[in-house]
Amino acid sequence: MTSGTPQLSLYNTLTRKKEPFVPIDAANVRMYACGPTVYDFAHIGNGRMAIVFDLLFRLLRQVYGPDHVTYVRNITDVDDKINARAARDFPGLDLNEAIRKVTEKTAAQYQSDVTALGCLEPTIQPRATDNIEQMQTLITALIKRSHAYEANGEVLFEVGSMPDYGKLSGRNPEDNLAGARVAVDAHKKNPADFVLWKQSSAEEPGWDSPWGRGRPGWHIECSAMSERYLGQLFDIHGGGLDLIFPHHENEIAQSRCAHGTHAMANVWMHNGFLQVEGEKMSKSLGNFFTIAQLLETTDFGGRKWPGEVLRLAMLMTHYRQPIDFTVAQLQLSEAKLKQWYEAVFEHSPMPTSWWEHLNGTGAYLPPSQELIAALSDDLNSHLALSFLDRTARPSSASEAAQLASDLHFLGFDMESFWETCRLAMGEITDKGEIDGLVAARGEALANKDFATADRIRAELAEQGIALMDSKDPETGERRTKWEIKR
RNA sequence: GGCCUCGUGGCGGAGUGGUGACGCAGCGGAUUGCAAAUCCGCGUACUCCGGUUCAAUUCCGGACGAGGCCUCCA
């Protein structure tokens, strides 16, 4: 970290305060985010989480260097919901084979979804099923240290064995009992005790273990995978707000009790939820949208939405605030994005032009200090974007190049934008052809042949090209620029 | 019932103990063959009630309101 870099501070759910971020090892900053359970398409709320932690990943890479950050996002591919889905979708198949089909297909879909949202690939994406042995090792340690017990064929974590259980969520087991619909199982010592390992029937997926053939509970996998790839104590652990309890609480209990450590991760970060048009997103309200649906169908607002537009809409609100996801918000995002891109395009900062840059080798500049400063304040993405608004009227090619680089840093790429535009442009794909028509119109105008001039303008408009005239401030000559409209 | 967030102009949303961030929309003007774009100007917002203070939207307390978690839902 150079001396000019602003201090990074992050809100820590554990302390309910914004704190300066101090990495355990600046040469290897380690973060973990709970990834998808791969049984169905990811919805736009899952997308928000991916974007938030992608932004953090990008910021950390900028501050500490791209080779000094490890980002682990797991794939949960063992889960009873997956089993149910596999049995439903592939009734003829052997269950394990059906499960593999479901998880592979869903994991691939997730990857393509979040890539469309501009998310970098995490450093490591471990699968739960590749880490069963590590989970068993953890469970064995918990039993040995008297934090877990076997009952009724299950292995359970004993909440009462950990004095500060509930610290993250600010609750203690007694509080929960009053209104909670916690099933009181006779075999549990405490109703809040949770499953580490459960038995599988012959048809269910299972692994041999000291406690019989079975499968892991939901929480243990993140404890196992984070330890394997990040160690017993790492820097940042993130996820959605709803994971605070019970998932993260239980992860902390498992990891700390198994290792005898005082902490699992130093900073716990949670992103807020999103609503859709003012209502909670739910299947029953009919306002439940998957990422793929927004990208590929016209279900939301009667049209498809580019991934970058969805990304910008998410970043317009601070990650801890609730977002009201609306068509109006997406339209505003698209307009902004278009304005920024066009500002860059106008100055064509590359030696040739962005068109050539599409195939080529442009190098981006480091992001603006103001941008990094805004994000360093607990990922204040809206403030960062308002900085872009202020630089969105570049007066020189170098300013335009800086704007392009800032956009690139935030995960918005000129390349994909122009690809999308090319598709929208229809017949005309050659910039020279457009320039020729613009010149022909200029000639017609010089001869006061407005009919011809307007015909050319109308033809271009049909191809999705809008022309705009302006006066050169120096010479008073007509200048015509064009842009792609959608 | 317990716990956690949050309440800023038509909208999205920063921020601050004392001159109304920024963007979108809107209004007025300049420019213009027309159109669009562009440029200039315009808003007097901080849920309510107390308290602290010379001064509160900002700090403290309370009320009201919204949302969330306590159900393997991000």
Side-chain angles (χ1 to χ4, degrees), chain A residues 11 13 16 33-37 39 42-53 76 78-82 166 168-183 192 194-195 217-219 221 238-247 249-250 270-275 278-283 288 313 316-324 326 328-333 335-336 339-340 342 346 374 377 380-393 445 448-451 453-454 457-458 461 466-471 473 476 478-483 485:
Chain A
Y11 182 87
T13 305
R16 313 267 173 206
C34 292
T37 301
Y39 69 98
H43 57 71
I44 189 61
N46 301 106
R48 185 183 192 187
M49 195 220 88
I51 290 167
V52 165
F53 291 100
T76 298
V78 50
D79 180 276
D80 288 354
K81 272 189 291 198
I82 296 173
L168 179 72
S169 55
R171 64 185 86 204
N172 58 60
E174 290 79 47
D175 282 344
N176 292 331
L177 299 183
R181 284 160 280 179
V182 176
F194 57 91
V195 172
W218 179 47
H219 311 296
E221 56 181 77
L241 203 58
D242 61 323
L243 293 184
I244 294 174
F245 190 90
H247 184 55
E249 197 69 76
N250 291 349
H270 296 93
N271 64 277
F273 270 33
L274 67 82
Q275 295 187 294
E279 286 181 307
K280 180 176 168 138
M281 181 168 74
S282 74
K283 284 179 180 165
F288 185 96
M316 288 215 278
T317 301
H318 185 87
Y319 75 95
R320 281 190 284 122
Q321 296 287 103
I323 289 186
D324 191 14
T326 61
Q329 182 84 329
L330 293 183
Q331 286 168 338
L332 181 65
S333 302
K336 257 184 207 292
Q339 192 192 336
W340 292 337
E342 272 157 8
E346 207 176 326
D377 182 13
N380 194 337
S381 55
H382 188 90
L383 195 62
L385 295 173
S386 72
F387 167 73
L388 291 192
D389 278 331
R390 270 173 275 132
T391 57
R393 296 187 189 4
L445 284 171
K448 301 262 188 247
D449 181 1
F450 298 123
D454 287 353
R457 185 167 67 191
L467 296 187
M468 285 159 293
D469 295 336
S470 60
K471 232 182 196 176
R478 177 192 293 268
R479 283 266 171 91
T480 302
K481 72 168 185 172
W482 59 270
E483 66 176 39
K485 58 178 188 190

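Quick note on labels: first sequence line is chain A, next is B, and so on, each numbered from 1.
- Not counting sequence neighbours, the partners of A:Phe288 by the ring-ring contact (aromatic ring centres under 6.0 Å, His included) test are A:His43.
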Intra- and inter-strand pairs of RNA chain B in dot-bracket (Watson-Crick or G-U wobble, both distances under 3.5 Å; | for another strand): (((((((..(((.....[...))).(((((.......)))))....(((((..]....))))))))))))....

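- Under the side-chain hydrogen bond (donor to acceptor under 3.5 Å, both in side chains) criterion, A:Asp324 pairs with no residue, sequence neighbours left out.
- A search for side-chain hydrogen bond (donor to acceptor under 3.5 Å, both in side chains) contacts involving A:Ser169 returns A:Arg171, A:Glu249, not counting sequence neighbours.
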Enumerate the protein-to-nucleotides 5-11 of chain B contacts in which both atoms are nitrogen or oxygen and the separation is below 3.5 Å.
none

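- As judged by a 4.0 angstrom heavy-atom cut-off over every strand, A:Asp389 is placed among residues touching the sugar-phosphate backbone only.
- The side-chain contact (heavy atoms from CB on, under 4.5 Å) check on A:Tyr39 picks up A:Thr37, A:Lys81, A:Ile82, A:Arg85, with sequence neighbours excluded.
- Annotation: salt bridge (Lys or Arg N to Asp or Glu O under 4.0 Å) contacts of A:Asp454 (sequence neighbours excluded): A:Arg457.
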Output one line per pair: protein atom, nucleotide atom from nucleotides 33-37 of chain B, and distance, for all N/O pairs under 3.5 Å.
{"residue": "B:G33", "atom": "N7", "partner": "A:Arg478", "partner atom": "NH2", "Å": "3.4"}
{"residue": "B:G33", "atom": "N1", "partner": "A:Asp454", "partner atom": "OD1", "Å": "3.0"}
{"residue": "B:G33", "atom": "N2", "partner": "A:Asp454", "partner atom": "OD2", "Å": "2.8"}
{"residue": "B:C34", "atom": "O2", "partner": "A:Arg457", "partner atom": "NH2", "Å": "2.5"}
{"residue": "B:C34", "atom": "N3", "partner": "A:Arg457", "partner atom": "NH1", "Å": "2.9"}
{"residue": "B:C34", "atom": "N3", "partner": "A:Arg457", "partner atom": "NH2", "Å": "3.2"}
{"residue": "B:C34", "atom": "N4", "partner": "A:Asp469", "partner atom": "OD2", "Å": "3.2"}
{"residue": "B:A35", "atom": "N1", "partner": "A:Asp469", "partner atom": "N", "Å": "3.4"}
{"residue": "B:A35", "atom": "N3", "partner": "A:Arg457", "partner atom": "NH1", "Å": "3.0"}
{"residue": "B:A36", "atom": "N1", "partner": "A:Asp469", "partner atom": "O", "Å": "2.6"}

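- Contacts of A:Asp80 classified as salt bridge (Lys or Arg N to Asp or Glu O under 4.0 Å), with partners at least two apart in sequence or in another chain: A:Lys198, A:Arg215.
- Applying the side-chain hydrogen bond (donor to acceptor under 3.5 Å, both in side chains) rule to A:His247 yields the partners A:His219, A:Glu251; only residues at least two apart in sequence or on another chain are considered.
- A search for side-chain hydrogen bond (donor to acceptor under 3.5 Å, both in side chains) contacts involving A:Ser381 returns nothing, not counting sequence neighbours.
- Shown here are the salt bridge (Lys or Arg N to Asp or Glu O under 4.0 Å) partners of A:Asp469, two or more places apart in sequence or in another chain: A:Arg441, A:Arg478.
- If you check every strand for non-hydrogen atoms under 4.0 Å, A:Ser169 touches sugar and phosphate atoms only.
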